[in-house]
Every structure is written in structure tokens, then in C-alpha cells.
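Step one of this worksheet: look at the structure below.
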Amino acid sequence: MEKLIVIDGNSIASRAFYALPLLSNSAGLHTNAVYGFTTMLLKLIEEEKPTHFLVAFDAGKVTFRHKDYTEYKGGRAKTPPELSEQFPLIKELMSAFGIRQFELEGYEADDIIGTLTKSAEQEGKDVLVVTGDKDMLQLVSDRVTVAVTRKGISEVDRYDPAEIQAKYGLVPAQIIDLKGLMGDSSDNIPGIPGVGEKTALKLLHEYGSVESVLEHADEMKGKMKEKVRDHADSARMSKEIATIYREVPMDTDWSGLAFSGFETPELAAMFRKLEFKSLLERLDFSGAGGAASSEGAESGPAEELVVRLVDADNITDLIGALQDVSALHVEAVGDNAHTAELVGAAFHTLEAGYYVPAAVLTAPGAEALRAWLADKGAPKSTWDRHRAELVLAWNGITLAGVTFDVMLAAYLLDPTESSLTLSGIADKYGALHVAPDEAVFGKGAKFRLPEPEAVAEHLARKADRISRLDVSLREKLEQADMKQLYYELELPLSGVLADMELRGIKVDTAGLKQLGDELAVQIERTMTEIYRHAGMEFNINSPKQLGEVLFEKLQLPVQKKTKTGYSTDAEVLEKLAPYHEIVQGILHYRQLAKLQSTYVEGLLKEVRKETGKVHTYYRQTIAATGRLSSQYPNLQNIPIRLEEGRKIRKVFVPSEPGWSILAADYSQIELRVLAHISGDENLKEAFTNNMDIHTKTAMDVFGVAESEVDANMRRSAKAVNFGIVYGISDYGLSQNLAISRKEASQFIEQYFAVFQGVRQYMDDIVKLAREQGYVTTLLHRRRYLPEITASNFNLRSFAERTAMNTPIQGTAADIIKLAMVQMDERLKAEGLKSRMLLQVHDELIFEVPPDELETMRRIVPEVMEGALALDVPLLAEVDYGSNWYEAK
DNA sequence: TTGCTCACG
DNA sequence: ACGTACGTGAGCAAA
């Protein structure tokens with residue numbers, strides 16, 4: 001059965017535009033109307049399964065209607081540029097979908113549609129018209145259904161003759177009479193003033209048409225009679241204008257409108273350009289056409305891909321081809337690379353993809369393959385080399401010789417990439433599609449490894465994509481001037497990290513358990529006290545229950561609300577402390593409970609029974625600024641600020657008796673970086689003279705001598721310095737210091753008066769971000785800030801603060817990463833047994849044998865301070881002890 | 001899963 | 001006038 005869908009292009013585009021927030025891609029192109037249009041198309045294709053398709057657009061500024069009625073559409077607001085710039089995209093999109101579009105100078109889309117539906121009717125074919133305009137209901141017939149968008153674009157009301165009868169009591173042809181009487185303010189059609197839908201319908205039910213209503217004007221009473229008589233011409237003209245012209249001189253032959261598959265490479269490319277990531281994931285672009293695949297796995301006629309499943313008998317084939325392997329992919333199940341279960345590895349050559357299951361990879365017979373993996377001189381590309389190295393290492397296999405890692409490259413090219421998956425990156429950079437892992441393996445409870453052939457196919461395809469992306473991303477890194485950052489910093493660092501993590505850090509589990517026991521006693525005591533004050537028992541961990549106790553039962557004054565109820569965070573509780581004794585108990589309980597659950601119980605769960613060590617997993621591709629992050633366990637947030645928590649550090653001990661823990665941290669690295677990149681003379685001078693920066697700031701901001709700076713002034717100055725680094729706002733500073741906004745604003749003004757270079761930097765960097773769309777660090781690390789041009793104040797302000805902060809935080813990250821790579825080289829070069837264990841953003845932790853202590857106390861600060869030459873000196877302070885707590 | 005809270009730099 | 005400090009991860013409660 002043939003079925004034609006005709007879309008009123010202008011109408012649907014503007015509906016979509018106003019229904020969706022003003023989305024834009026990273027290039028700043030607005031895409032909301034395009035996106036809405038696309039989702040509507042996909043829905044129509046799926047639900048209606050049309051055999052033919054057409055989108056009609058208005059063309060030209062003057063249509064024949066204007067000749068008769070110059071005011072036509074006069075009241076309509078001008079199309080906003082954010083919408084008109086999307087029309088070319090929509091038209092491009094239609095081509096990519098393989099959908100014909102049509103427009104004709106001097107005619108509106110309505111008329112084209114009217115003409116087409118008329119001919120379809122005559123030929124006895126079915127048409128569905130999709131529009132946002134109810135005027136089109138006049139086209140409805142037994143053959144023609146009109147779908148009108150309702151509230152946004154996702155929902156439509158479908159009208160056939162019966163529906164129009166039910167809703168209006170009219171036949172479709174009477175819709176124009178309805179318009180003639182009631183008019184349409186959006187098109188500036190007057191109708192009869194004072195006649196709305198209700199009156200118009202009443203009149204039509206009685207008289208049937210505009211003409212008949214006018215003829216019978218004399219039968220009417222009072223006001224109505226007057227109105228109809230006075231505006232008879234207006235009504236006649238309005239009806240005429242509302243009537244869709246169905247005789248447009250055009251080809252009404254359907255055969256050119258045939259619609260078949262749409263999942264073409266062109267459409268995939270279009271989606272990538274528009275950054276419609278979810279749609280790229282949802283649709284199956286791997287085959288040449290066909291319907292959207294719900295299976296997700298590769299299906300249909302895919303590209304040529306020879307896949308060989310390797311077993312003990314044929315492994316020599318792969319071994320013989322190893323010199324041709326350019327890329328490999330190691331697959332493992334589990335988020336934590338240290339515990340993930342190895343599935344297998346795929347090896348890509350131009351001739352074939354080889355898949356080696358874990359059992360074969362680790363068994364006797366694969367020695368030559370493992371030797372190749374460990375061969376530094378055998379170059380290979382990977383996706384997430386860091387993870388692969390860890391997974392293989394835990395399976396007794398060494399990985400070396402990785403010369404390019406696609407994931408790391410994709411991260412540098414856009415560190416805020418929301419789907420840093422091979423599938424997502426392949427789509428983004430125009431490599432052939434590969435199904436997302438969830439589509440092959442399922443996720444959550446539905447996770448299941450399919451049969452080996454399917455795994456082989458998927459992993460071989462991944463290895464293929466890695467080798468393709470290798471080529472294109474190398475070039476992109478060069479274009480972005482990030483070659484050095486990549487090859488000399490990030491790529492070597494990934495190996496350094498893997499080494500650190502594999503070594504792990506020893507935990508004194510007995511000491512930790514004892515700490516837990518002591519906490520348990522205190523927690524019990526504190527709970528009892530809280531229940532006594534509350535007069536009831538409840539779950540203190542539940543913000544909901546706690547809120548009810550504090551603000552309903554005890555009637556304490558509500559300070560702040562969250563979107564789900566009362567806020568009970570520490571800031572609120574501090575304010576409530578004077579009102580009721582229970583509050584202090586709750587604060588204490590929170591502190592103890594955090595230590596117990598996160599740092600005692602949580603840490604104990606991560607300790608390996610066999611070695612008594614924890615092996616954190618540093619993530620190199622998470623933070624937008626270039627920092628590392630740490631998981632399983634997170635060793636970058638071990639307590640230090642409060643003494644009770646700081647004791648946790650006592651359980652981190654050297655792995656060998658007699659050794660020490662040595663810690664070195666950069667002093668004020670971010671403010672030193674700021675001094676360098678802003679070039680502020682005053683700030684540079686402060687660091688060159690190695691002054692206490694907060695005291696110096698206090699002296700300048702408050703205009704006092706060093707001897708006059710009291711603790712409070714220094715505290716304020718410190719907060720101002722933090723604020724500067726974060727991208728200052730008076731509100732933020734006022735919150736932090738609990739002062740008025742006005743006072744905060746004065747502080748900031750004073751600061752900028754004496755650090756004028758800093759003010760200049762802040763102004764310049766925001767301007768630069770607006771101009772080029774991104775900011776960079778000293779080592780050319782990049783972060784895009786598309787929202788810097790947003791009209792929404794919040795979004796824009798956030799982007800502006802980020803523009804100020806990212807070069808500072810990011811450059812500090814660059815520097816310590818450099819220090820890590822250099823430190824690793826230095827330890828090897830000097831043949832030291834000392835080991836680098838941890839990085840905590842501005843500090844490095846080592847374990848050191850006694851005979852190397854003096855050397856390390858000298859070398860570590862030397863390397864850290866010399867990692868990168870700035871206009872101000874870098875300073876690293878070092879200390880050591882028998883555990884992390886003592887190394888302060 | 002999402003939201004809240006809190007640990008760190 | 002708008003409502004926020006920048007960057008992370010983990011545990012718990014409540015859907």
C-alpha cells in the first residue's frame with residue numbers, strides 16, 4: 001500500500017524551534033529546530049512507514065496572497081535569525097534522509113500541499129499531511145489525513161473527516177468559513193471582529209457558510225446583526241485568504257517522491273556535524289540502509305571485514321602476521337581495570353582481524369604473541385592503553401610499544417566529550433560506525449557475553465576503527481598544536497600511571513580496623529544522644545527524616561531548601577547550632593559516619609587480601625581541566641583538614657620494613673601559574689621574593705604594613721585569592737566569607753586595583769574565549785566553552801568563570817604531570833629503588849628506602865621545581881615519615 | 001538512577 | 001534582575 005507523507009516544512013520547523021530550548025553544537029551552530037524536525041521525521045518513519053515522502057517549504061517574500069491583501073501575515077513577528085539560519089541545515093538534512101523537498105517562488109507550502117493532495121485524491125492514494133497549522137484541516141478527506149502538532153512537536157492530533165465532525169460539527173470544506181468568520185490573528189486575517197470560535201461555529205451550524213451567514217444577516221439580532229453587516233467584506237476576503245490554492249503549476253507525479261532507507265553515511269555525517277550523539281547511537285549506520293536495528297549488534301550487509309577466531313591450533317597464523325598488526329583492542333568486563341575480567345584481545349591487520357579469547361591469550365602456545373605485546377620495538381595503537389596495560393598485567397602479560405592511543409587523543413581534542421567511547425569517537429570523527437558496547441554486551445542486569453563469534457566480530461571491528469582513527473586523530477592533534485602535549489606528556493604519563501597503580505600502596509589493615517572500632521563506639525554514643533534530644537529514633541543518614549525531626553518536630557527555623565525538601569547540610573546545621581543541642585550532635589555524627597563508611601569500611605573493601613595493598617585507578621580522561629581523577633578507592637580525598645580524619649593517613653605505610661613515606665607538594669602552584677600567565681608584576685614580585693602570598697595580598701588589599709596584618713585580614717585575603725583562581729564573583733566571595741555582597745565587591749575592587757595585571761588577564765581571557773570558542777593551558781591543552789556566548793545569564797557566567805579558571809588549574813595539572821614523567825625517568829636513570837605511589841593534584845607521594853632518603857629529599861623538589869620554567873620560581877616542600885600522616 | 005552530603009586539591 | 005565560587009569520587013537514601 002502506497003502512502004505519502006507531506007510535511008509543512010516552515011510550520012514544523014518553527015514549532016520545533018519554539019518548543020525546544022536553543023541548543024547549539026560546539027561550533028556555535030543553533031540546532032534546536034533541526035533536532036526537533038529530525039525526531040519528528042524519525043517518529044513518522046517508524047510509525048507510519050511511508051513509501052513516499054515530501055517536505056514543502058514557503059518560497060519568496062511575496063506570495064500571491066499579498067497582492068490581494070497587503071496586510072497578510074503583517075502582524076507576525078519577524079523570523080528570528082536563530083531560526084532562519086537553521087533552514088539551510090534542515091534542507092541539507094532532508095537530502096541526507098533521501099527525502100525530496102519542494103518550494104516554488106510565490107507560493108506557500110500550504111498551496112503546494114493542497115495541490116499535491118488534490119491530485120493524490122484523484123488517483124485514490126493515501127496522504128498524511130503534517131503541520132502545525134489548523135488551517136490545513138480544510139484539506140482533510142477520506143484519502144487525506146492531517147496531523148497537527150499539539151503542544152511542542154512530539155504529540156500530534158490526527159484529523160480525518162469524522163474527527164472534524166466530532167470536534168467542530170463541520171465538514172472539512174467549512175474550515176475556511178470558520179476562518180472567514182473568526183479570522184486568525186497570527187496571520188493577520190481579520191474575520192469579523194468580536195466573533196471568536198464559539199460564535200463562528202454557532203453561525204456555521206445554523207447557516208453553513210460565510211455567504212449564507214451574510215445573506216441571513218437580517219434575521220440576526222442587535223449587535224450581531226450590526227457586526228455581520230458592517231464586516232461582510234472583511235469576512236468574504238478572510239475566507240478567500242484562508243482558502244488554500246490547489247492549482248499550483250507543478251509536477252504532481254509521485255514517482256519522484258519514493259522513500260526507501262535513510263540510514264546512509266550522508267545522514268551519519270550530518271548527525272555528526274550537528275552533534276546529535278543520541279541519534280547516532282540510536283540508529284544503525286553500519287549497514288547500507290535497512291531499518292533502525294534494535295539489536296544494535298552489527299547486522300545487515302556491513303563493510304568487508306575478515307574475522308579470524310584464534311585458537312590453539314591456528315595461532316601460528318596470527319603469530320606469522322604480527323609484523324602487520326597496527327592496532328589492537330583489549331576487552332575486559334568491569335569498571336575497575338585492576339579487577340576487570342579479561343575477555344580477549346583483537347588484532348587488526350589490513351588483511352584480517354584476529355580475535356584471541358582470554359583463555360588462548362594466557363595459555364601455553366601464545367608465548368610469541370605475548371612477547372610481541374611486550375616488545376617495545378613493536379609499534380601498536382590502542383583504545384585506552386592505560387586500562388589495557390593494567391588488565392593484561394593482572395593476567396601476567398606485559399604491554400609495551402604503544403605509540404598511539406586513540407582515547408587519549410580524543411580526550412585532548414575535547415576533554416569535555418560526553419561519550420568518550422570508541423563508538424562515539426568513531427562517529428564523531430567520521431570513521432565507520434561501530435556498535436556501542438552496550439548494544440553487543442547489554443548493560444546492568446542484562447549484561448551477557450554473546451557467543452565467541454559475535455565477540456570476535458565486534459572486537460575485530462573495534463580494532464579496525466582504532467587503526468582508522470589513529471590516522472585522522474594524529475593529524476587533528478597536530479592541527480591543534482598538541483603534538484608535544486600528547487607524545488611527550490600524556491602518552492608517556494599513561495605508562496607511568498599504570499606502573500604506580502600496579503605497585504599500589506600498603507595499608508595497615510589492623511590499624512584501620514582498630515580505628516573503625518573506636519569510631520563505632522563514638523558513633524553509638526553520639527546516636528544515643530541525638531535520639532535523646534529528638535525524643536525518638538530515626539535514620540540520621542536520611543536527609544528527609546532528619547529534616548522532619550529538625551524542622552517539624554523540633555520547629556527549628558528553616559534556613560534553606562533543596563528541590564526535594566529541607567536542606568540539612570553543614571552550613572545550615574552551623575546556623576542552627578545555637579537553637580538546639582541536637583545540632584552539634586548531628587554535625588559530630590556526620591563527621592564520624594563519613595569516616596567510618598567511606599574511609600574505614602570503604603577502604604577496607606578495596607584492600608587486596610593477598611598483598612594488603614590498595615591499587616587506585618587513576619583516570620586520565622575524565623577531568624575537563626586536565627587533572628587526574630582517582631577511583632577504587634579514591635586516594636585523592638583522604639581526610640587532612642580535621643585531626644580526627646587526618647588520622648586515617650596513619651594507615652598508609654611503606655610496603656617494606658624500614659622504608660619511609662615521602663611527600664612533596666607544590667606551594668601555591670595555582671597562584672604562581674596565575675602570576676606567570678597574567679604577567680602581573682606585583683604578583684610576580686611577591687613570589688620572586690618568596691613572600692607569604694596571603695599576607696602579601698592582605699597588605700595590598702587593606703593597605704597596611706606586614707606587622708599590621710591580623711589573622712582575620714589574612715583569612716579574608718586567602719579567600720580572595722581562592723576566588724581569583726576560581727573566576728571571582730562578589731556573590732561567591734560574600735558566601736565564603738559570610739559578608740555582604742557589597743563588602744565582597746569592595747574587596748575584589750581593591751584586589752584588582754593593586755593586581756592590575758590579573759584584572760587584565762581576566763578580561764582578556766574571557767574575550768579570547770568568546771572569540772575562539774576555547775581556552776588553553778601553557779602546554780596547549782584545550783577546553784571548549786560553547787556557552788560563553790549563551791544569552792542565558794547563568795550559563796554564560798559559568799562559562800566565563802571556567803574561562804578564567806581552566807588555564808590556571810589546567811596549567812598546574814600540566815606541570816605536575818610533567819614532573820611525574822620526569823620523576824619516573826630520573827628514578828630509572830639513577831637506578832633508585834624508591835617508588836612513586838600517588839599524585840594528589842599538587843603533591844606526589846613516594847616510598848623510599850632508608851639509604852635513599854637524603855637523595856630523594858634533594859631530587860624530588862628539584863624535579864618538581866624544574867618541571868617547567870615560569871617567570872616565577874616554583875616551590876616544592878618535602879617531608880617524610882613512617883606513614884603518610886607523618887609525612888606532613 | 002538521582003539527589004544530597006561531604007571528603008580532597 | 002538574573003543566582004555561583006573551580007575541579008573531582010563515594011556512600012547513603014529513596015525512588
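Each chain gets a letter, A, B and so on, in the order the sequences are listed, and its residues count up from 1. Please read all numbers here as calculations on a predicted model, not as lab measurements.
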Whether [X] contacts [N] is assessed here as follows: a side-chain N or O lying under 4.0 Å from the phosphate OP1 or OP2. Is that the case?
{"X": "A:N539", "N": "C:dA13", "result": "yes"}
{"X": "A:Q839", "N": "B:dG9", "result": "no"}
{"X": "A:R590", "N": "B:dC6", "result": "yes"}
{"X": "A:S629", "N": "C:dG9", "result": "yes"}
{"X": "A:K594", "N": "B:dT5", "result": "no"}
{"X": "A:R801", "N": "C:dC6", "result": "yes"}

How is [X] classified with respect to the nucleic acid when contacts are heavy atoms under 4.0 Å: base, sugar-phosphate, or nothing?
{"X": "A:N736", "result": "base"}
{"X": "A:I808", "result": "nothing"}
{"X": "A:T806", "result": "nothing"}
{"X": "A:E670", "result": "nothing"}
{"X": "A:G723", "result": "base"}
{"X": "A:L733", "result": "base"}
{"X": "A:A570", "result": "sugar-phosphate"}
{"X": "A:N805", "result": "sugar-phosphate"}
{"X": "A:A812", "result": "nothing"}

[X] and [Y]: side-chain donor and acceptor closer than 3.5 Å?
{"X": "A:S630", "Y": "A:Q636", "answer": "no"}
{"X": "A:Q514", "Y": "A:E518", "answer": "yes"}
{"X": "A:H386", "Y": "A:E501", "answer": "yes"}

Return yes if the base of [N] and the side-chain atoms of [X] contain a donor-acceptor N/O pair under 3.5 Å, otherwise no.
{"X": "A:R627", "N": "C:dT8", "value": "no"}
{"X": "A:R641", "N": "B:dG9", "value": "yes"}
{"X": "A:R741", "N": "C:dG3", "value": "yes"}
{"X": "A:Q809", "N": "C:dC6", "value": "yes"}
{"X": "A:S797", "N": "C:dT4", "value": "no"}

Should the pair [X]-[Y] be classified as a salt bridge under the 4.0 Å nitrogen-to-oxygen rule?
{"X": "A:R627", "Y": "A:E670", "result": "yes"}
{"X": "A:E529", "Y": "A:R525", "result": "no"}
{"X": "A:K696", "Y": "A:D700", "result": "yes"}

* Asked: Starting at OH of A:Y618 and ending at C1' of B:dC8, how long is that distance when rounded to a whole Å?
  ->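 My rounded result for the distance is 12 Å.
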* To do: Please report, rounded to the nearest Å, how far the P atom of C:dT8 is from the OH atom of A:Y632.
  =>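 So the two atoms are 16 Å apart, to the nearest Å.
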Out of [options], whichever nucleotide has its closest atom nearest the side chain of [X]:
{"X": "A:K563", "options": "B:dC4, C:dC6, B:dT5", "result": "B:dC4"}
{"X": "A:S542", "options": "B:dA7, C:dA13, C:dG3", "result": "C:dA13"}
{"X": "A:R783", "options": "B:dA7, C:dA14, C:dG7", "result": "C:dG7"}
{"X": "A:H841", "options": "C:dG7, C:dA10, B:dA7", "result": "C:dG7"}
{"X": "A:K544", "options": "C:dA15, C:dA10, C:dG11", "result": "C:dA15"}
{"X": "A:T562", "options": "B:dT5, B:dA7, C:dA5", "result": "B:dT5"}
{"X": "A:I622", "options": "C:dA10, C:dT8, C:dA14", "result": "C:dT8"}
{"X": "A:T568", "options": "B:dT5, B:dG3, C:dA15", "result": "B:dT5"}

Expressed as a whole number of Å, how far does the [atom1] atom of [N] sit from that of [M]?
{"N": "B:dT2", "M": "C:dA5", "atom1": "C1'", "value": "24 Å"}
{"N": "C:dG3", "M": "B:dC8", "atom1": "C1'", "value": "26 Å"}
{"N": "B:dC6", "M": "C:dC2", "atom1": "C1'", "value": "29 Å"}

* Hunt down any stem DNA chain C takes part in, defined as 3 or more consecutive Watson-Crick or G-U pairs whose two distances are each under 3.5 Å. =>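 Consecutive-pair runs (3 or more) involving DNA chain C: B:1-9 with C:6-14.
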* So, A:F798 and C:dT4: ring centres less than 5.5 Å apart, planes less than 30° off, yes or no? ->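 A:F798 vs C:dT4: stacking no.
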